[in-house]
Amino acid sequence: MLDLPDRYDPAATEAEIYARWLAHGCFTADAARSTRVGGAAEPFTIVMPPPNVTAILHVGHGLNNTVQDVLVRWARMRGSDALWVPGTDHAGIATQNVVEKLLAQEGRTRFDVGRAAFVQRTEQFVEQTGGVILQQLRAIGASADWTRTRYTLSPDLSRAVREAFVRLYERGLVYRGHRVIHWCPRCLTSLSDEEAEFTDEPGQLYQIAYPLSDEPARALVVATTRPETMLGDVALAVNPADARYRELVGRTVRLPIVGIDIPIIADEYADPAFGTGVVKITPAHDANDFEVGRRHHLPMPVVIDAQGAMAEEQEAAGRVPPDLHGVDRFAAREQIVERLRASGALVRVEQHPHAVRHCYRCDTVVEPRLSDQWFVKMAPLAEPALQAVRGGTVRILPERWEAVYVNWLENIRDWNISRQLWWGHRVPVWYCDDCDPPQQVIVSREDVTRCPYCDGPVRQDEDVLDTWFSSWLWPLSTLGWPDAEARDLAAFYPTDVLVTAPEILFFWVSRMIMAGYAFMGRAPYHTVYLHGTARDTQHRKMSKSLGNGIDPLDVVRLYGADALRWTLVAGMGLGTDVILDPADLEKSFAPGRNFVTKLWNIGRFLLSNLGDAPVQPLATVEPALLSRADAWILERLRLAVAECDAALGPLRPTAAAAPPDLHAWRPDERVAGMRLNEYAETARRFVWNELADWYLETTKGRLAGTNAADREAARAVLVHVFDGALRLLHPVVPFITEALWQRLPIAGRAPDSFLIRAPWPAPGVPAHGPREAEEFDIVRAAVLAIRQIRGDYNLPPGRTIDVVIVSPDG
RNA sequence: GGGCGAAUAGCUCAGUUGGUCAGAGCGCCCGCCUUACACGCGGGAUGUCGGGGGUUCGAGUCCCUCUUCGCCCACCA
């Protein structure tokens, strides 16, 4: 009867079981079951953070998706109508960069190819290589509903993007602005504040003398870290309260090298305490200077072009010396410093570490650049998102991130959403140049071909939207928004838990919450679970460039998906990083593999000792027939279930919270649960240290014995507790548990039943003699004491001894 | 410049509201191929819970401070 090989074979088992789950639609949610549309099951929904469409699975994805899969499987077993929506992100700037690199290998740029052909080529590239990661996720056991796979650049989701843009425009929350934004001279696009990341770098602070126009012997000294921008200076600013310079305000200085006169102005922006208290104003190349320039109605000459080279653009005629034309900004810095030094205008150079912004995609130093961009006005959107977390409608775990979230939203700035890229959603704006006034702006949900005012030709805005402008709609758009009739939207929105890394709290998490309120009036989820980062033993983030990554598929091949999942879940406290050794996979993943093997061997013991006869449900066994060991292990199971439930916490906020928000978390539940590692450890302890180490041993004699009633009792209890253990463990190690559960000789089980769909065990009440359970603990204590003594006296295992137990009262 | 987190056995880490909380896994030592499992079984050693001070009957657990790492935010040119 024993069809179990000595060794568990993860590769064969996992593939076979995954295929059967798929074939039986085990991952497919049924909208009609949702209580929100009249069904009988509470929905439980997770939307997968969409990986970049060109991404390859790395251990970070493995970690992220394992957590989600554990939650979804758990919810499914708890009887929820569980939905895990998978999908990919077109990842505008990242994907475009990949394709541009391919073109570069052919010696071409996207401009050589042309926009239409470039987009087509990128589409092909995505079609051929994209979505690989979704296939890879199957290998780690992801039970996502693949029938609902989404893609941010698909027609449906593109429609959502347009709808969102137009609605916000209609509400006055999308606007076109002319200002200094972050510009990547390599990607040739603007970036949002979040996409321009600070890095601390050593730098120099250059002090330059600007002589007074009419009194060349006197000069004002200004400090700057970017001397090359001086070609675009339009003023010097001093603080109005600064007595040192008060009398100079209104006079002019001569701009070195350029030789033109610029005014000395008074503005609060100048900090008397910094440097000399005099700051040069370059409105076109510094966001702060831009504001000063606007306040004082100053010109805004552009002296650096899109590629980051010195050039005379708007209003800059005559400012850039001919031999600096086309010179890269950093080379130009050297040359300008040399010239200043030669002319005696360079007063001093000192070391000055400072933070420099870099493009988050290509790491190029970002250039502040004056340009026209589309923005979203964020403050009104932020307000409900702020209230959501403050009021407990949305909880962020670990809790400490809530403060970070609140702080960011309180100081939120408008979001630059236009990108000068080709890969992405085209800005749904058209211009008519023939109208009066010209450049009539037409914002539309549908493509526009003729001007609605003059019927003349129109041209569409050249820009595309920030990738995150589609991502922030993900919980809505994947469920069918803006289609008000969408069944999934009614059945599954709001979703439940969002699982991601803290790095994208601002990029994505908070914006989704804003979008949820802006377009649906409800937060998109009630829980944000922020997990840690996978790091190496030196605590460095695993990354491709460092070469310290671990390929999850290598781990699957070597030890199986369950071992991978076990290691990740068991090794990860709430919000803490997971440390793994890329140089020693055995060390990192052996515990998971060993545990899976242990489960396998417990299964082998059961199946080879139970016999062929079907095992009757425990409920049919006469309680009087249960032994002390039976009572004990049943009680331990009960406690294990209760502990696992406590570690995992409530699936969703308990209803009937205090007004005003009926969906808010109760204070006592707000930080409860989601301790996946505690849950995993509890289940492991039950199976290994209680079931295997003790109970199993007590059944050996009984199963082989001649007392039929006792044998039946042992069989029933054995199957019952192992069944319970498999259910408890299934979310973490789904393959091995399903493989064993399928083989359990449970009487009357339907042929196509699956553990993945089996109910989560209920803790229940101690129904089988708590007194007997306690008595077995005494037996255990005695055994432990005897073992200890044998050890102390170095008695060989084969040697039997007589034991006399004397009770305390004689 | 603000804010936050971490420092517990050789290693990776658990320790929710202060009172069996000094633990787990790996590693190490001793003994075992005991008919499910040597990817295992039984036994064992190891920490002044980063330093200092304080509150308390009692503190890894609360307060202050110092040190060392790490993260987030930030227009000081």
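Sequence lines set the chain letters: A, B, ... in the order given, protein chains first and strands last, and positions in each chain run from 1. Here the structure is a predicted model, which means the values were calculated and not measured. The analysis underlying the following values was restricted to heavy atoms, covering all of them including side chains, and did not include hydrogens, waters or symmetry mates.
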(message) Without decimals, in angstroms, what is the distance between A:F198 CZ and B:rC76 C1'?
(response) 11 Å
(request) Nearest whole angstrom, please: distance from the P of B:rC71 to the CG of A:D577. (result) 10 Å
(message) Please determine whether a side-chain nitrogen or oxygen atom of A:H352 lies at a distance below 4.0 Å from atom OP1 or OP2 of B:rA77.
(response) yes
(request) Tell me whether the guanidinium CZ or amine NZ of A:R780 lies under 6.0 angstrom from the six-membered ring centre of A:W694 and within 45° of its axis. (result) yes
(request) For RNA chain B, find the residues of residues 284-293 of chain A with a heavy-atom distance under 4.0 Å and give them by number; none if there aren't any. (result) A:N288
(request) Please determine, by modelled atom types, if A:S371 and A:Q373 share a side-chain donor-acceptor pair under 3.5 angstrom. (result) yes
(message) Between A:T282 (side chain only) and A:A284 (backbone N and O only), is there a donor and an acceptor less than 3.5 Å apart?
(response) no
(request) Answer yes or no on whether A:R395 is positioned over the face of A:W665, meaning its NZ or CZ is under 6.0 Å from the six-membered ring centre and within 45° of the axis. (result) yes
(message) Checking the side chain of A:E14 only, and the main-chain atoms of A:A561 only, is there a donor and an acceptor separated by less than 3.5 Å?
(response) yes
(message) For the P atoms, the ones on B:rU61 and on B:rG5, what distance do you get once it is rounded to whole angstrom?
(response) 15 Å
(request) Summarise how protein sits on nucleotides 36-44 of chain B as a single string, 5' to 3': B when a protein heavy atom is under 4.0 Å from the base, S for sugar-phosphate-only contact, - for no contact. (result) BB-BSSSSS
(message) Work out how far the P atom of B:rC39 is from that of B:rC26, and round it to whole angstrom.
(response) 12 Å
(request) Would you please say whether a donor-acceptor pair under 3.5 Å links the side chains of A:E586 and A:Y559? (result) yes
(message) Taking the P atom in each of B:rU55 and B:rG60, what is the distance between them to the nearest angstrom?
(response) 15 Å
(message) Taking the six-membered ring of A:F375 as reference, does the cationic atom of A:R179 (NZ for Lys, CZ for Arg) lie under 6.0 Å from its centre and within 45° of its axis?
(response) yes
(message) In this structure, how many angstroms lie between the C1' atom of B:rC75 and the CZ atom of A:R369, rounded?
(response) 20 Å
(request) Map every base of RNA chain B to its dot-bracket character, where paired means a Watson-Crick or G-U wobble contact with both distances under 3.5 Å and | marks a partner outside the strand. (result) (((((((..((((.....[...)))).(((((.......))))).....(((((..]....))))))))))))....
(message) Base, sugar-phosphate or nothing for A:A570? Non-hydrogen atoms, less than 4.0 Å.
(response) nothing
(request) Rounded to whole angstrom, note down the P distance from B:rA6 over to B:rU16. (result) 11 Å
(request) May I ask you to check whether over 12 heavy atoms, not counting those of A:E350, lie within 6.0 Å of atom CD? (result) yes
(request) Would you please confirm or rule out a distance under 4.0 Å between OP1 or OP2 of B:rG70 and any side-chain N or O of A:R535? (result) no
(request) Please report, rounded to the nearest Å, how far the C1' atom of B:rC72 is from the CD1 atom of A:I396. (result) 13 Å
(message) Between B:rC29 and B:rC71, how many Å separate the two C1' atoms, rounded to a whole number?
(response) 40 Å
(message) Hydrogens and angles aside, do A:Y360 and A:E197 bring a side-chain donor and acceptor to less than 3.5 Å of each other?
(response) no
(request) Measure the distance from CG on A:D242 to C1' on B:rA77 and round it to the nearest whole Å. (result) 14 Å
Write down the protein N/O and nucleotide N/O pairs, taken from nucleotides 14-24 of chain B, whose separation is under 3.5 Å; answer none if there are no such pairs.
| unit_1 | atom_1 | unit_2 | atom_2 | d |
| --- | --- | --- | --- | --- |
| B:rG15 | OP1 | A:E678 | OE2 | 3.4 |

(request) Return the value, rounded to whole Å, for the distance between atom CD1 of A:I181 and atom P of B:rC75. (result) 15 Å
(request) Without swapping roles, check the side chain of A:T229 against the backbone of A:R226 for a donor-acceptor pair under 3.5 Å. (result) yes
(message) Taking syn as a glycosidic torsion within 90° of 0 and anything else as anti, which one is B:rG60?
(response) syn
(request) Return yes if some donor-acceptor pair links the side-chain N/O of A:D562 with the main-chain N/O of A:F735 below 3.5 Å, else return no. (result) yes
(message) Rounded to the nearest 0.5 Å, what separates atom CG in A:L346 from atom OH in A:Y206?
(response) 8.5 Å
(request) Using a 4.5 Å cut-off on heavy atoms from C-beta on, say whether the side chain of A:R390 contacts that of A:V406. (result) yes
(message) When the C1' atoms of B:rA9 and B:rC13 are compared, how many Å lie between them, rounded to an integer?
(response) 11 Å
(message) Do A:F595 and A:L599 have side chains that approach each other closer than 4.5 Å (heavy atoms only, starting at C-beta)?
(response) yes
(request) Using the C1' atom as the reference point in each nucleotide, state the distance between B:rU34 and B:rG42 in Å, no decimals. (result) 10 Å
(request) May I have the distance from A:N411 (atom CG) to B:rA74 (atom C1'), rounded to whole angstrom? (result) 10 Å
(request) Between protein and nucleotides 1-7 of chain B, map the contacts as a letter string: B base, S sugar-phosphate only, - none, heavy atoms under 4.0 Å, written 5' to 3'. (result) ---SS--
(request) In whole angstrom, give me the gap between the C1' atoms of B:rG47 and B:rG27. (result) 16 Å
(message) Check whether A:R357 reaches the backbone of A:D193 with its side chain - one donor and one acceptor, N or O, closer than 3.5 Å.
(response) yes
(message) Within the 3.5 Å criterion, strictly below it, is a donor on A:E669 or A:T654 matched to an acceptor on the partner's side chain?
(response) yes
Acceptor/donor pairs from residues 568-579 of chain A side chains to any protein atom, 3.5 angstrom cut, sequence neighbours excluded:
| unit_1 | atom_1 | unit_2 | atom_2 | d |
| --- | --- | --- | --- | --- |
| A:T576 | OG1 | A:G573 | N | 2.9 |
| A:T576 | OG1 | A:G573 | O | 3.0 |
| A:D577 | OD1 | A:T533 | N | 2.8 |
| A:D577 | OD2 | A:R535 | NE | 2.6 |

(request) Look at the side chain of A:W401 and the backbone N and O of A:Y529, then say whether any donor-acceptor pair between them is shorter than 3.5 Å. (result) no
(message) What contact category does A:G592 fall into here, base, sugar-phosphate, or nothing, at under 4.0 angstrom with non-hydrogen atoms?
(response) nothing
(message) Is there a side-chain contact between A:R685 and the phosphate of B:rG25, meaning an N or O under 4.0 Å from OP1 or OP2?
(response) no
(request) Provide, to the nearest angstrom, the distance between the CD1 atom belonging to A:I264 and the P atom belonging to B:rA77. (result) 22 Å
